[in-house]
Protein chains: 2
Amino acid sequence: MKQKVTLKQIAKELDVSISTVSKALKDSAEISLDTRQKVKAFAKLYNYKPNNIALSLKNRKTKTIGVIIPEIVHHFFTTVIGGVEKVANAKGYNVIICSSNNSFDKEVINMEMLASGSADGFILSVAKETQLKKDYHHIQETMSQGMPVVLFDRIIDEIVCDKVIIDDAKGAQMATNHLLSIGCRNIAIITTVDYISVGKLRTNGYLRALRGYDIPEKEEFILKIEDVGNCEAEISEFLLNKDIDAVFAVNELFAVTATKVLNEQGKTVPNDVAIIGFTDGILSKHFIPSLTTISQHGEDMGIRAAKLLIDKLECDDTEAEEYRTVIIDTSLVERKSTKK
Amino acid sequence: MKQKVTLKQIAKELDVSISTVSKALKDSAEISLDTRQKVKAFAKLYNYKPNNIALSLKNRKTKTIGVIIPEIVHHFFTTVIGGVEKVANAKGYNVIICSSNNSFDKEVINMEMLASGSADGFILSVAKETQLKKDYHHIQETMSQGMPVVLFDRIIDEIVCDKVIIDDAKGAQMATNHLLSIGCRNIAIITTVDYISVGKLRTNGYLRALRGYDIPEKEEFILKIEDVGNCEAEISEFLLNKDIDAVFAVNELFAVTATKVLNEQGKTVPNDVAIIGFTDGILSKHFIPSLTTISQHGEDMGIRAAKLLIDKLECDDTEAEEYRTVIIDTSLVERKSTKK
DNA sequence: GAATCTTACGCAAACGTTTGCGTGTGGAAA
DNA sequence: TTTCCACACGCAAACGTTTGCGTAAGATTC
């Protein structure tokens with residue numbers, strides 16, 4: 001079991017100094033051609049790789065990006081990560097992914113862990129609990145220590161930093177308008193409780209679209225789900241005997257569940273009720289009927305977020321006091337669940 | 001923008017030496033109570049956090065686990081990661097996730113990157129390309145440098161190390177037997193090309209189950225898919241006018257696609273054809289009809305893999321020359337696609 | 001043969017820690 | 001007053017790099 005070889009060992013073997021080895025490997029003109037070749041051959045033979053840790057310590061940067069997301073088993077977030085990885089790897093950055101599991105504490109711990117030397121900057125979508133508690137000290141502290149942060153999707157208005165979002169309200173409006181345009185007039189919405197920022201925004205978009213058609217908002221057409229685990233029962237009760245011709249669901253699971261529940265209640269999608277979802281994931285695509293949905297373009301979000309972060313990391317800190325919010329376009333992916 | 005505070009700065013402010021500060025923060029008896037309190041108060045005030053990089057360099061370990069998986073946007077792999085994170089975090093380890101994107105080169109690059117200082121050990125499921133090329137030098141090198149590796153799911157028999165797998169053949173046999181037990185006799189299989197280890201094993205299990213019932217293997221009942229992206233067309237052609245009463249698909253996508261195709265061809269699931277899949281993911285659960293499937297218990301795999309790795313990391317290297325292969329039980333999750 | 005210039009290398013500091021050991025100070029014992 | 005012992009602290013090395021600068025030895029110039 002040969003241990004990893006260091007400059008020091010090479011130096012000793014070749015009976016030169018450490019600095020000579022280091023310079024030789026970098027093809028410094030200071031070192032004679034002869035020595036350079038000898039060192040390089042030796043290094044290759046022993047498969048020398050510089051120790052990243054030592055480099056990080058010396059350079060005071062790690063060339064790695066920390067990504068913290070609320071859930072790792074989640075299609076949307078993983079597509080975002082895919083986008084981040086693409087540009088990060090292209091620019092020589094490593095990506096460390098941590099999941100907060102929607103726990104405030106775990107978010108703080110992960111952030112502090114990565115902030116104390118493991119990452120140069122962060123791409124972050126905050127945990128539910130964080131949105132509820134409104135405690136953002138960990139993010140503020142990280143930023144005040146000079147580490148840039150890019151927030152995406154579940155962002156926080158009070159924090160001044162780069163952000164990548166979609167226009168959730170607009171997307172929801174687009175979804176609702178699509179339902180309206182195919183003739184639906186009794187449109188229910190299945191959404192989340194209000195403290196989830198995106199849920200609230202999507203609800204707003206839904207309401208705005210209704211107003212555009214002079215359709216009064218009906219309390220009984222709005223279902224706000226707190227406990228996702230038990231959504232099927234809630235949705236079932238909500239939908240039973242309700243005189244609706246369309247459902248707008250703010251995520252995939254709600255859309256799929258609504259479809260299932262409607263089937264059980266003897267209604268067919270899209271003939272009796274049209275359904276539209278949010279987030280273009282694997283479920284919407286493969287479900288029967290396939291679900292019309294609003295695509296968030298997760299990969300694009302990741303790409304933009306990574307670019308923003310790397311820009312901040314690589315520009316001189318002097319000119320860094322300018323923050324941008326990138327709004328990714330949503331688009332309507334029309335499938336069978338809204339074909340009348 | 002206050003920079004991160006170091007021992008040196010605290011030492012200077014308090015006019016003591018760096019070592020005094022370090023020892024004081026560790027409550028060393030060497031330091032007077034008075035000084036200890038002063039230092040701690042100051043450290044808290046300035047929110048001192050030891051620099052992980054420096055610690056890693058000093059201790060020659062990073063307390064982080066490198067996980068490399070073929071795809072990040074993949075339900076099974078993310079559940080495994082979930083399991084890894086659980087035990088890693090509980091034991092004070094960080095988790096770095098990298099995806100090889102099924103590319104051999106990216107797998108090598110990621111591994112070398114993490115191996116050169118960023119991680120103490122690896123949990124790895126190899127890329128398709130790696131299985132095809134049979135080039136494992138990067139794994140061998142990593143291990144010979146003293147970094148333990150745990151392989152899971154897509155493992156490599158030739159490599160001697162800890163492994164966590166399911167008994168793919170047995171799982172496939174269980175699936176096929178289930179179909180046989182409900183009366184199916186003309187069972188097709190939709191599988192992958194043979195160089196994917198798990199695909200081949202599952203095919204073997206299918207064949208073994210058939211033999212158990214003295215059913216001859218029929219070439220025309222076996223579809224091996226190379227290009228997953230185009231599987232719908234292949235499956236459609238394969239299934240057309242075929243006299244079968246059941247399909248065993250080696251993954252979720254194939255199972256869902258088969259169901260869809262059968263529907264289009266005028267057959268219903270499960271009445272005309274029963275379907276069983278492999279991997280208990282989000283699709284199987286929510287599809288209509290919900291799909292009977294073999295669960296791989298991804299989270300368990302992650303948990304076991306992390307435990308194996310951490311054991312290796314924390315035991316004395318002397319007694320480390322013993323490798324274990326953990327076989328996770330698969331289980332049949334019966335849903336509607338096989339209810340006659 | 002002396003003065004100067006090149007060439008080829010080594011020294012040492014720095015990044016932020018930890019820790020074994022050395023040491024100055026003060027008080028107590030003799 | 002001398003000796004000794006705790007006590008409280010600092011020194012320095014080490015982890016593996018990079019890099020500016022100093023400096024030998026040899027080559028060149030006059």
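The figures here come from the full heavy-atom set of this structure, side chains too, leaving out hydrogens, waters and symmetry mates.
- For Gln37(B) and dA8(D), the CD to P distance is 13 Å, given to the nearest whole Å.
- Across the helix from dG1(C)-dC30(D) to dA30(C)-dT1(D), the helix axis at one end is tilted relative to the axis at the other end by 80° (nearest 10 degrees, each axis from five pairs).
- When atom types are taken as modelled, the side chain of Asp135(B) and the backbone of His137(B) share a donor-acceptor pair closer than 3.5 angstrom.
- In this structure, Ser28(A) contributes its side chain and Ala24(A) its backbone to no donor-acceptor pair below 3.5 Å.
- Of the two residues near DNA chain D, Ile31(B) and Val5(A), the one whose nearest nucleotide lies more 5' is Ile31(B).
- A salt bridge links Lys86(B) with Glu299(B); the closest basic N to acidic carboxylate O contact falls under 4.0 Å.
- Distance alone, capped at 3.5 Å, is enough to place a donor-acceptor pair between the Asp120(B) side chain and the Thr62(B) backbone.
- Boundaries of the chain A contact region on DNA chain C are dA8(C) to dG16(C), first to last in 5' to 3' order (nucleotide atom under 4.0 Å from a heavy atom).
- Lys23(A) comes within contact range of at least one nucleobase, with a heavy-atom separation under 4.0 Å.
- A side chain to side chain contact (heavy atoms under 4.5 Å, CB included) with Val67(A) is found for one member of Val150(A), Ile123(A), Leu124(A), Val80(A) and no other, namely Ile123(A).
- Ranked by how close their nearest DNA chain D nucleotide is to the 5' end, Asn59(B) and Ala29(B) are led by Ala29(B).
- Ile159(A) contributes atom CD1, which lies 7.0 Å from atom CE of Met143(A) (distance to the nearest 0.5 angstrom).
- Judged by distance alone, the side chain of Thr78(A) and the main-chain N or O of His74(A) form a donor-acceptor pair under 3.5 Å.
- Using a 4.0 Å heavy-atom criterion, one finds that Thr6(A) contacts the sugar-phosphate atoms exclusively.
- Within 4.0 Å (heavy atoms only), Ser32(A) reaches sugar-phosphate atoms of the nucleic acid but no base atom.
- Formation of a donor-acceptor pair under 3.5 Å by the Asn52(B) side chain with backbone atoms of Ser118(A) is not found in this model.
- Counting non-hydrogen atoms under 4.0 angstrom, Ser28(A) reaches nothing in the nucleic acid.
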